[in-house]
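Shown next, in structure tokens, is the structure this report addresses.
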Amino acid sequence: MASPTSEQTGLWRNADFMRLWAGQSLSQFGSAVTYFAIPVIAVTVLHASEEEMGVVGFLLRVPMVLFLVFGVLADRVRKRPILIWTDVARFVLLMLIPIAWFADMLTLAWIYGVIFGIGLLSTLFQTAYRSYFPFLVPPENFLEGNSKLQLTESVAQTFGPGLAAALLKVLSAPALLVIDAVSYLASAIAVALIRRPEARPEPDDTTARQVHKAIWQGMGWVLRHELIRPLAISSAVYSLFILGSMNSIYALYVIRDLGVPAAWFGSILAGGGVGSIIGALLAVKVMRRFAIGKVLLWSIVYGNLALFLIPLATGPVWVSVTMLVAAQLISGVTSQIFFVTNTTLVQTVTPPQLQGRVVASIYSLGLIPAPLGALGAGLLAGALGTRTALWVVVTIGALVPMAAMAWSPLAKLKEMPEPGRQ
């Protein structure tokens with residue numbers, strides 16, 4: 001656990017962390033607005049078809065498959081320049097859209113190129129900032145720092161689209177991107193002001209010219225480590241059966257099968273956002289009160305059991321909505337407590353030379369299976385019905401991670417291991 005002398009206010013006095021936090025916050029809000037505004041531009045300005053919108057969604061997310069490659073890069077070069085130049089590049093790319101719109105040159109092909117570039121740069125930024133964090137923050141403050149970073153990420157994801165929607169009432173969508181682009185530039189400036197010198201990582205002669213070996217060095221470390229392996233397995237299963245599946249059939253189930261008005265759907269999802277903010281705020285207190293193993297295990301147990309409220313939802317619409325909001329709220333709270341604790345543990349035990357690849361490996365296992373889950377859930381719903389499909393994916397996606405955690409050494413872990421433990 002964190003040292004008893006490590007008070008929650010400790011990082012408020014760490015100027016370099018505050019600059020990183022400011023940069024991450026601005027970048028996260030920028031990304032939330034970008035992912036809302038660009039599809040709006042495609043629909044309202046360029047009148048994109050359903051198929052063309054599918055391409056937009058694909059191009060926004062497909063760069064995630066490069067997490068592993070970017071993890072290798074993050075371990076081989078200084079990370080602060082990556083953060084600065086990815087933000088500067090996103091500023092330039094986003095500015096191309098309002099410039100093209102003003103010059104009457106904006107096309108869907110233009111949009112495709114910009115969003116693919118934004119997706120690549122955002123994936124690289126995410127990998128670099130998570131692996132740069134342990135360089136700026138002492139291990140006894142990892143928990144506090146991760147809680148702060150996750151709080152702003154949750155706030156951005158919850159309120160960013162709403163802020164963008166409100167601004168669209170007074171600004172055109174292309175003009176909104178000018179404000180969004182400036183947020184990336186401000187993020188770059190904040191990170192550029194970090195003063196702590198960063199040494200270039202020592203070259204690894206065994207994998208210097210073989211990227212696939214460098215990737216496997218990080219992934220293999222994750223899969224061999226007795227504490228990290230169950231976390232990786234849980235993330236992969238949850239991604240495949242819950243994240244991907246819910247994105248595929250959840251709206252169909254809520255609106256068509258349960259008869260919930262479409263206008264209420266956003267309010268149901270907002271329950272998860274509110275829960276995420278609460279969870280990020282509670283993470284430090286929970287971790288300092290209970291053993292780390294209990295926090296990881298019971299946050300998964302409570303959060304995953306809450307998911308069963310989704311296929312159980314029935315009766316009058318208000319009852320169904322209450323059950324769905326409760327599921328979103330509880331899983332939002334517990335997922336953030338789990339994520340902050342999980343991230344702190346991974347950063348603590350990972351050797352410095354593997355931080356980028358380990359971060360990338362865990363992100364890959366937690367995100368790449370989701371599209372397969374979405375496809376599989378759609379096929380399953382078509383064959384068995386939406387509610388039956390939800391029972392299948394929730395049962396597997398909830399119970400397997402619980403079992404993986406309960407039968408692992410993590411469940412008995414009382415304190416945070418020593419930094420860099422192999």
Side-chain angles (χ1 to χ4, degrees), residues 19-35 38 57-96 112-136 146 149-150 152-153 156-157 160 180-181 183-192 194 198 200-201 204 207 211-212 214-215 217-219 222 343 346-347 350 352-368 370-371:
R19 295 179 182 109
L20 177 68
W21 188 22
Q24 178 259 2
S25 302
L26 290 164
S27 185
Q28 291 291 345
F29 268 97
S31 295
V33 173
T34 296
Y35 290 173
I38 288 183
F58 173 78
L59 290 174
L60 279 172
R61 292 167 179 81
V62 71
M64 291 179 182
V65 302
L66 293 176
F67 263 123
L68 293 172
V69 176
F70 289 157
V72 175
L73 176 63
D75 280 339
R76 291 183 174 179
V77 300
R78 296 182 182 92
K79 298 167 186 62
R80 188 169 73 109
I82 293 178
L83 300 178
I84 294 169
W85 291 111
T86 51
D87 274 333
V88 170
R90 284 188 287 183
F91 164 75
V92 173
L93 279 176
L94 272 183
M95 286 300 296
L96 291 177
Y112 291 160
V114 169
I115 61 175
F116 181 71
I118 292 289
L120 282 174
L121 294 164
S122 296
T123 301
L124 180 54
F125 180 93
Q126 191 80 358
T127 305
Y129 106 79
R130 284 290 181 187
S131 52
Y132 184 52
F133 167 84
F135 171 75
L136 289 182
N146 282 313
L149 293 173
Q150 199 57 33
T152 51
E153 190 167 328
Q157 292 174 355
D180 188 15
S183 73
Y184 287 123
L185 188 60
S187 172
I189 293 171
V191 176
I194 292 175
E198 181 186 6
R200 186 180 182 86
D204 180 0
T207 62
V211 173
H212 67 285
I215 290 173
Q217 196 174 54
M219 181 67 75
V222 167
T343 302
V346 170
Q347 290 169 338
T350 302
Q353 70 273 16
L354 287 176
Q355 284 284 347
R357 280 168 286 176
V358 168
V359 167
S361 297
I362 292 175
Y363 267 119
S364 296
L365 291 169
L367 294 174
I368 291 176

Closest approach of [X] to [Y] (non-hydrogen atoms, all atoms of both residues):
X: T127; Y: G356; result: CG2-O, 3.9 Å
X: T86; Y: I82; result: OG1-O, 2.7 Å
X: S187; Y: G23; result: OG-O, 2.7 Å
X: M219; Y: L365; result: SD-CD1, 3.9 Å
X: E198; Y: K79; result: OE2-N, 2.7 Å
X: L68; Y: S364; result: CG-OG, 3.4 Å

Query - Non-neighbouring partners of F70 that pass ring-ring contact (aromatic ring centres under 6.0 Å, His included), sequence neighbours left out - result: none

Reported [atom1]-to-[atom2] distance for the pair [X] and [Y], which is rounded to 0.5 angstrom:
X: I115; Y: L93; atom1: CD1; atom2: CG; value: 11.5 Å
X: L120; Y: L66; atom1: CG; atom2: CG; value: 6.0 Å
X: L136; Y: W21; atom1: CG; atom2: CH2; value: 14.5 Å
X: I362; Y: F67; atom1: CD1; atom2: CZ; value: 11.5 Å
X: I118; Y: L96; atom1: CD1; atom2: CG; value: 9.0 Å
X: M95; Y: Y184; atom1: CE; atom2: OH; value: 13.5 Å

Please examine the side chains of [Y] and [X], heavy atoms only from C-beta on, and report whether any two atoms are closer than 4.5 Å.
X: D75; Y: Q353; answer: no
X: T350; Y: V359; answer: no
X: Q28; Y: L149; answer: no
X: R90; Y: F125; answer: yes

Query - Check against side chain to side chain contact (heavy atoms under 4.5 Å, CB included), Q150 and T343 - result: CA-CA 10 Å; Q150 199 57 33; T343 302; 5.8 Å; no

Requested in this report: Run the numbers on L20 and L83 for side chain to side chain contact (heavy atoms under 4.5 Å, CB included), then give the verdict.
Outcome: CA-CA 9 Å; L20 177 68; L83 300 178; 3.9 Å; yes

Report task. Before giving the answer on side chain to side chain contact (heavy atoms under 4.5 Å, CB included), spell out for D180 and S183 the whole-Å C-alpha distance, their side-chain angles and the decisive distance to 0.1 Å. Result -> CA-CA 5 Å; D180 188 15; S183 73; 3.5 Å; yes

Report summary line: Taken in chain and number order and not counting sequence neighbours, the residues that satisfy side chain to side chain donor-acceptor pair (under 3.5 Å) with Y132 are none

Query raised in the report: With R19, which residues qualify under side chain to side chain donor-acceptor pair (under 3.5 Å), at least two apart?
Result: D16

Requested in this report: Quick one: do E153 and Q126 satisfy side chain to side chain contact (heavy atoms under 4.5 Å, CB included)? Show the steps, please.
Outcome: CA-CA 11 Å; E153 190 167 328; Q126 191 80 358; 3.8 Å; yes

